[in-house]
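Notes follow once the structure below has been shown.
For reference, positions follow the sequence shown, starting with 1.
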Amino acid sequence: SLVSVKIDLADKECLSTLAAAKKRTSHYLMEEAIQEYIKREEVRLNFIRAGEASAQHYKETGLHINFDEFSSWVDAIQKDSSAAIPICHK
């Protein structure tokens, strides 16, 4: 579908310069930028939702790991990516 976007003259000129340098159209660069934005925002939103779900799970169960356990696990996965995450406890 067709969508119209108004951009100021300076941005339009910059976009044209970038498009010429990359041997692409301005339309291609705008589409690419929009796709990257959508992906980034979906990842951000999923991260926030996971955090909210984790906080809710903690409120309901009290299960957690403490900072020292988490820190030790981070150190371990840097050496061995298959290192097991600590078991949650109350």
Side-chain angles (χ1 to χ4, degrees):
S1 70
L2 181 64
V3 174
S4 177
V5 177
K6 291 184 181 184
I7 59 175
D8 66 32
L9 184 58
D11 288 340
K12 187 175 181 180
E13 289 172 356
C14 184
L15 187 59
S16 292
T17 301
L18 289 170
K22 294 184 88 171
K23 295 182 177 29
R24 297 287 188 176
T25 64
S26 293
H27 177 81
Y28 176 89
L29 295 183
M30 287 185 284
E31 229 177 86
E32 186 177 61
I34 291 168
Q35 289 170 2
E36 287 178 15
Y37 174 83
I38 289 169
K39 287 177 190 172
R40 184 178 66 243
E41 288 303 305
E42 284 178 337
V43 167
R44 181 181 161 281
L45 190 56
N46 288 337
F47 179 78
I48 290 169
R49 286 179 180 154
E52 290 170 342
S54 180
Q56 183 62 36
H57 183 265
Y58 171 73
K59 286 178 187 176
E60 292 170 1
T61 67
L63 295 174
H64 68 283
I65 61 173
N66 64 37
F67 178 77
D68 290 335
E69 293 164 332
F70 176 76
S71 183
S72 294
W73 174 65
V74 169
D75 291 342
I77 61 172
Q78 290 176 355
K79 296 173 187 155
D80 175 9
S81 63
S82 65
I85 191 167
I87 296 173
C88 291
H89 54 83
K90 289 190 175 193

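- Using a 3.5 Å distance cut-off with no hydrogens or angles, the side chains of Gln56 and Glu60 do pair a donor with an acceptor.
- In this structure the side chain of Arg24 never reaches within 4.5 angstrom of the side chain of Glu31, judged on heavy atoms.
- More than 12 non-hydrogen atoms from other residues, nucleotides or ligands lie less than 6.0 angstrom from CD1 of Ile48.
- Judged by the 6.0 Å distance and 45° axis criteria, Arg44 is not positioned over the aromatic ring of Phe47.
- Hydrophobic clustering of Ile, Leu, Val, Met, Phe, Trp and Tyr side chains at less than 4.5 Å, counting indirect connections, keeps Ile87 apart from Trp73.
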Please tabulate, one pair per line, all N/O donor-acceptor pairs under 3.5 Å involving side-chain atoms of residues 5-20, not counting sequence neighbours.
from	atom 1	to	atom 2	distance (Å)
Asp8	OD1	Ala10	N	3.3
Asp8	OD1	Asp11	N	2.8
Ser16	OG	Lys12	O	3.1
Thr17	OG1	Glu13	O	3.0

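- With rounding to the nearest 0.5 angstrom, the CD1 atom of Ile65 is 12.5 Å from the OH atom of Tyr58.
- Transitive grouping of hydrophobic side chains (ILVMFWY, heavy atoms separated by less than 4.5 Å) keeps Val3 and Ile34 in distinct clusters.
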Worked check of side-chain contact (heavy atoms from CB on, under 4.5 Å) between Leu45 and Arg49: CA-CA 6 Å; Leu45 190 56; Arg49 286 179 180 154; 3.4 Å; yes

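- In this structure a side-chain-to-backbone donor-acceptor pair under 3.5 Å is missing from Ser81 to Ile77.
- Looking only at side-chain heavy atoms (C-beta outward), Leu63 and His89 stay at 4.5 Å or farther from each other.
- Nearest approach of His64 to Lys90, heavy atoms of both residues: CE1-C, 3.4 Å.
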Output, in order, the C-alpha distance, side-chain angles, deciding distance and verdict of side-chain contact (heavy atoms from CB on, under 4.5 Å) for Glu36 and Glu41. CA-CA 9 Å; Glu36 287 178 15; Glu41 288 303 305; over 6 Å; no

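- Enclosure of atom NE2 in His27 is not indicated, since only 12 or fewer non-hydrogen atoms of other residues, nucleotides or ligands lie within 6.0 angstrom.
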